[in-house]
Each structure stands twice: as C-alpha cells, then as structure tokens.
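This is a predicted model, so every value here is computed, not measured. Residue numbers begin at 1 in each chain, while the letters A, B, ... track the order of the sequences.
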2 protein chains.
Amino acid sequence: MKEEFYTSKGYKIKNEEVLSSSMEDYIEMIYRLSQESDEVRVSDLSSALNVQPPSTTKMIKRLAKENYVIYERYGCIKLTEKGRNIGSKLLERHRIIFEFLECLGVKENILEQTEIIEHAVNDEVLSKIDELTKFLKGCDKSLSP
Amino acid sequence: MKEEFYTSKGYKIKNEEVLSSSMEDYIEMIYRLSQESDEVRVSDLSSALNVQPPSTTKMIKRLAKENYVIYERYGCIKLTEKGRNIGSKLLERHRIIFEFLECLGVKENILEQTEIIEHAVNDEVLSKIDELTKFLKGCDKSLSP
DNA sequence: AAAACATGTTAGCCAAAGCTAACATTCTAA
DNA sequence: TTAGAATGTTAGCTTTGGCTAACATGTTTT
C-alpha cells in the first residue's frame, strides 16, 4: 500500500481520530489543573487556555457526551477514568516534546512550539524522540562532566 | 512576557499566520508538480492531494487572490515568484523533517508523519532539527564505517 | 432577604476547508 | 462539425471551534 499525500485536513479525516487537537488541549489542561486543585471550573479552564467561557462550555459538553469528563451545569469539571488515562498520556507527551526541544537548544516560544508539535506526532515518533532525547542527554553528560 | 497556553486554534489565530496548513499543502504540491511538468492543472492537483476538484478550485482562487499563483478559469496553474519562493522553502522543510524521521528510524506512515509535522515546526526548530540530523548522520558513519 | 456582582449558559454568528450535485466549458473522435 | 467524454466551476451544505451579546444562575454583601 503506497503512501499518499493528503492535505492537513485530509489526514485528520482519514485518521478518523477520536480526539481533535482542541479536545486534547482541553483534556490535557483539565488534567493539569486537577493536579493543583480538585475544583476545576469553567472559568479556570477558560483562562488557562485563553479562551472565552462559552467556548469552554461548548467543549465540556462535548467531552461529557463522549465520556471524558463528568459535568453538570454550573458545577465543577471532573475527569472520568477514561479522561484521566488520556490526560496523563497527553501530559507525558507534552513533557517528551518539551524536553526534546530544550535539548535541541530551542529558545523562542518553546512552550508554543511544544503545544503545536505535540498534536502532530504519533506514538512511534514520540517514542523515538524520547529515546533520542535520553541519548542526547547522555552525550551532554559525557561532553561536560 | 510569560508564555501562555492556547488551544491549537488559538495559536493559529494568535499567529495571524499568512498561510494555513492547507494553503501550504497546495503550494508545496504545485511546486512539486511544476518540477515534473509545466502544465499543472486542477485535476492533477486534486488527485495528488486526494481532494475533490471543487476544493482545489476554491483554494486556487484564494491563492490567486493572494498572489501565490496565476490562474484563469479552465487554464493551468502557475506559481508566481512569491509562490515559487515559498514552494521551495516548503519542499526543503519537508525534506528536513523526512530525513529526520528516517534518521530516527521511523518506519510506519513516515510520509504522513512528515506531512503533519512539517506544518508544526517554526524556523528555529526546523534549523535545529536539520543540524541534529546532520550530527546524527555523522554518528552513524563513525559507528558503521 | 434583596441587591449587586461573578460566573455560566444559550443562541447565533464567522471562517476554513472539506464535500456533493448540478451546470459550464473544453477536448476528442466519429 | 458536432456529440459525448472529460475536466472545471458554482452553489450550497457540513463540521469544528472560535467569538459576542444576552440571559440565567449562584454567591456575597449589606
């Protein structure tokens, strides 16, 4: 099966990905905020993601329908088991990309670049990058003991 | 200025990027096809990108309005100077990411991953990755002479 | 307990980039 | 040279994920 080109949107459709980039952003952030306090509310999420509250409400409803979070109007947002599992993977993925970029010596907008790239890599690439980063850190050590 | 989180869409808006990912895909492909033949038509582009012709027509109109291509109804598609410059950069970016992934030992969907990642990296990251790949290729050589 | 403020929701708009169905143009071959 | 095939365009629909304005609910303060 020859590999073919698609437009960016084409890959998304083709891959029938369960989670869109935005959904990932919200879940990752809910997970992050849940670690700091167990009262995560719409306003927290909105300001953490620099988004207006109605956007958050809309997305939370969707995440609730698909069983990533439990939520009732005016209440607080809790991840389900499923949501928590994904959240921790997303955070780990974030960490791997961030450390890779650090290791590359990227200086500008490193958080932004992390946020953008993390949605782009699949599992295989992610694990190769993780290995590579570990390897490079080893090199550093042997270069500057 | 502290770095902040945004959703994926947020970064796109924030960066007021001139070229969307899709626009990049089309320009890159037109450039690629132009190298093979100088008669690039809507149908060529549509099938190369696995997109229906009306999508191509729509995008070409937009690219023409923004001066990346010259096009008239039922005619063939030519890149402008501006379009050509960008096209060659996009192809180079593609090459850098592809070689990096090869070098990492990525086996599955390497073209697809290239296509997705190339839209995610900024210039700084791209050049660091390029350097790294050269470095890694050097390592290979010294490991397997 | 009522007024004022803060927080959350609803409704409805927008742009991007796909799609299909229907129509228009151009090319080819009888 | 004209009919039919191939190619291209238009119109209009869909989804995603933002946004604002207006309204609803909850919380706090007097």
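Residues forming a side chain to side chain contact (heavy atoms under 4.5 Å, CB included) with A/E36 (at least two apart in sequence, or on another chain): A/L33. In terms of the side chain to side chain contact (heavy atoms under 4.5 Å, CB included) criterion, residue partners of A/N122 (sequence neighbours excluded) are, by chain and number, A/E124, A/V125, B/Q113. The side-chain hydrogen bond (donor to acceptor under 3.5 Å, both in side chains) check on A/S47 picks up nothing, with sequence neighbours excluded. Scored by the side-chain hydrogen bond (donor to acceptor under 3.5 Å, both in side chains) test, B/E99 finds B/R95, B/K137 as partners (sequence neighbours excluded). Residues passing the side-chain hydrogen bond (donor to acceptor under 3.5 Å, both in side chains) test with A/T7: none are found, sequence neighbours excluded. Legend: residues meeting side-chain hydrogen bond (donor to acceptor under 3.5 Å, both in side chains) with B/E28, ordered by chain and number and at least two apart, are B/R32, B/H94.
Contact check, B/K61 against D/dT10: a side-chain N or O comes under 4.0 Å of OP1 or OP2. The side chain of A/Y26 places an N or O atom within less than 4.0 Å of a non-bridging phosphate oxygen (OP1 or OP2) of D/dG18. Proximity of B/T7 to the phosphate of D/dG18: a side-chain N or O atom is located under 4.0 Å from OP1 or OP2. When the side-chain nitrogen and oxygen atoms of B/S55 are compared with OP1 and OP2 of C/dC19, one or more of them lie within a distance under 4.0 Å. Dashed line: the shortest gap from a side-chain N or O of B/S43 to OP1 or OP2 of D/dA6 is not under 4.0 Å.
As a whole-Å value, the separation of B/N50 CG from C/dC19 C1' is 14 Å. Counting to the nearest Å, the C1' atom of C/dT9 and the CG atom of A/L45 are 15 Å from each other. Distance, B/Q52 CD to C/dA16 P: 21 Å, rounded to whole Å. Note: NZ (B/K9) to C1' (D/dG18) measures 5 Å, nearest angstrom. Taking atom OH of A/Y11 as the reference point, atom P of C/dA17 lies 16 Å away to the nearest angstrom. Atom CE of B/M59 and atom P of C/dC19 are 12 Å apart (whole Å). To the nearest angstrom, C1' of D/dT9 lies 12 Å from NZ of B/K58. The distance from atom CG of A/D25 to atom C1' of D/dG18 is 13 Å, rounded to the nearest whole Å.
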Distances under 3.5 Å between nitrogen or oxygen atoms of protein and nucleotides 22-29 of chain D:
{"from": "D/dT25", "atom 1": "O4'", "to": "A/Y74", "atom 2": "OH", "distance (Å)": "3.2"}

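With the nearest nucleotide of DNA chain D identified for both B/G75 and A/S22, B/G75 has the one nearer the 5' end.
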Side chains of residues 51-62 of chain B: which donor-acceptor partners sit under 3.5 Å, not counting sequence neighbours?
{"from": "B/T56", "atom 1": "OG1", "to": "B/S46", "atom 2": "OG", "distance (Å)": "2.9"}
{"from": "B/T57", "atom 1": "OG1", "to": "B/P53", "atom 2": "O", "distance (Å)": "3.3"}

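With hydrogens and angles disregarded, no donor-acceptor distance shorter than 3.5 Å links the side chain of A/E112 to the backbone of B/Y11.
Residues of residues 27-37 of chain B having a heavy atom closer than 4.0 Å to DNA chain C: none are found.
Evaluation of the salt bridge (charged side-chain N to carboxylate O under 4.0 Å, His left out) test over residues 76-90 of chain B, restricted to residues two or more places apart or in two chains, returns B/E81-B/R84. Residue pairs satisfying the ring-ring contact (aromatic ring centres under 6.0 Å, His included) criterion with at least one member in residues 99-128 of chain A, sequence neighbours excluded, are listed as follows: A/F100-B/F100.
Between its opening and closing five pairs, the helix from C/dA1-D/dT30 to C/dA30-D/dT1 changes axis direction by 10°, a value rounded to 10 degrees.
Counting heavy atoms from C-beta outward, B/F5 and A/E115 have side chains that approach closer than 4.5 Å.
Put simply, B/I96 and B/F135 are part of the same group of oily side chains (I, L, V, M, F, W, Y) that touch within less than 4.5 Å, one to the next.
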